[in-house]
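Written below as structure tokens is the structure these notes are about.
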Amino acid sequence: MGGSVRDLLLARRPKDFDIGTSAHPYQVKKLFRNCWIIGRRFRLAHVKFGQKVIEVATFRRQVAAGEEVVQDGVPAPDPTTPEGEQLIHHDNTFGTPEEDAFRRDFTINALAYDIATFSIIDYVGGLEDLRAGIVRSIGDPDVRLNEDPVRMIRAIAIAARLDFTIEPMLLQAIRTHRHEIAKSSQPRLLEEYYKILRAGSAEKAFRQLAAVGLLEPISDELHRGATDPLWRSLAAVDEYRRQFESTPDTLSNAILLGSLLVPLGISLHPPRTPYASGSDAEAGDGPRSRRLRHPPGPRLGDLPLARRDVERLRQIISLQRRLRDLAASPRAQQSLAHRGIFREALTWMEIHGDAPDVVEHWIGVIDEGGAPEPGSEDSGDDQPQEPGAAPSSPIRKRRRRRRRGRRGGGGHTGVRIKRPAVFPTRRRRREWSCTASRASTQSAA
């Protein structure tokens, strides 16, 4: 169902497949042993198929206000509260395939494929819009965008990726309700940005987001920095992405984040702050001490930038100068190629470095076995090694030096004191004390 059917009809490779069924989640769980239930407000079944996870959703329907039901003891949020003001409140009831189609966002995303009859099921006119290349909302655009403001970003992202046009009524509704996007979850908005950057049409999508005014409510830095340097950076990411049939693993969050931060001129290093003094510095747990331990990093509006991604981006940028030093000794080049961040740094050089000769040189170093494969112990990555890849030469670990036993101080030169194997009891300590005192008395006599 959904986007996978749309992509298959457009002769594109679907990113994943979603399954719709009339069976309830726990009925699905009884059929598949490798199945688990997720979701709080609405249960979904995840079925593990090899290395992939297939999401199985029960058909849902929308109910009118006042007809909300409680599912699994979890009530729907109160629309009068700030938490429930802009949420979908009537989404917790099972329904039919037709009712499920009418609760989706766009017509081209409401198509279904019946594996029993090998036919396309279309209740909302999605096939016509697919042929015409139009992104159209199901129902009133004002109501649907208020239900989930993230649909505004998705409409523009789909139109940019498929080279479609947005229906005029939907486009006007996006301009009218653009400030509602600020009420959405910030991690969810950041994830939508990452999806756009990985789709191969980031420049076109961000240009349209800037044109309708959707960048300003999320990030003022992006809104003010939507100029030629940003467009060139996004165009370079798109050019790299189009070399692959599917999204490559080399497009990590750190590289995508840097493609936004670097052209905006945002510093990756925290500002220098004076050392703590007074009671806060002595105590070490005051608010000033906490600020020094965790200095503020780069900001992109209120989007929650992961500290791990920012730190990896700093390492990637810092390695660019060393990558350009082709006159370094072979040992220095091998040492650089064995660093865990090397692959991402080389990807950044290929995308934004404008130095194909440098990239070719380091690819030759990798082919000669100068760099470990991703996922090996020496690379520092957690990704599995590709099958059939040549094993990398391991780095010899430094031999650990044995510690010598302690020698007694004072006049007892050359006498080693044997430490007890276990912590001595109180009685044993008293015995040792008496023995030591008698020995000192005898030596004094």
Worksheet item: Between R131 and E128, is the closest basic N to carboxylate O distance under 4.0 Å?
Response: no

Practice prompt. Report the residues that fulfil side-chain contact (heavy atoms from CB on, under 4.5 Å) with I121, sequence neighbours left out, ordered by chain and then residue number.
Written response: A112, D114, Y123

Worksheet entry | Verdict with supporting geometry, L209 and I196, side chain to side chain contact (heavy atoms under 4.5 Å, CB included) | CA-CA 11 Å; L209 289 173; I196 293 175; 4.2 Å; yes

Worksheet item: Any side-chain heavy atom of D105 sitting closer than 4.5 Å to one from D148?
Response: no

Worksheet entry | Any donor-acceptor N or O pair under 3.5 Å, side chains S219, E221 | yes

Worksheet item: Would you call R321 and D325 a salt bridge, taking side-chain N to carboxylate O under 4.0 Å as the test?
Response: no

Item to complete: Establish, from distance only, whether the side-chain atoms of N253 and R198 form a donor-acceptor pair under 3.5 Å.
Response: yes

Worksheet item: Salt bridge between R188 and E191, side-chain N to carboxylate O under 4.0 Å?
Response: no

Which side-chain N or O atoms in residues 354-361 pair as donor and acceptor under 3.5 Å with protein atoms at least two apart or in another chain?
residue, atom, partner, partner atom, Å
H361, NE2, Q333, OE1, 3.1

Worksheet item: If you measure from CG on L10 to CG on L162, what distance do you get to the nearest 0.5 Å?
Response: 6.0 Å

Worksheet item: Which distance, rounded to the nearest 0.5 Å, do you find between the CG of D249 and the CZ of F244?
Response: 10.0 Å

Item to complete: Find the distance between CG (D129) and CD (E167) and round it off to the nearest 0.5 Å.
Response: 8.0 Å

Worksheet item: Given R104 and D100, is the salt bridge (charged side-chain N to carboxylate O under 4.0 Å, His left out) satisfied, shown in steps?
Response: CA-CA 7 Å; R104 294 183 176 266; D100 185 85; 3.3 Å; yes

Fill in: Flag side-chain contact, heavy atom, 4.5 Å: V47 against I19
no

Worksheet item: Angle class for the F94/H24 ring planes (parallel below 30°, perpendicular above 60°, tilted otherwise)?
Response: tilted

Item to complete: Output yes when K204 and D163 qualify as a salt bridge under the 4.0 Å nitrogen-oxygen rule, no when they do not.
Response: yes

N/O donor-acceptor pairs under 3.5 Å from side chains in residues 254-264, not counting sequence neighbours:
residue, atom, partner, partner atom, Å
S259, OG, I255, O, 2.9
S259, OG, H352, NE2, 3.0

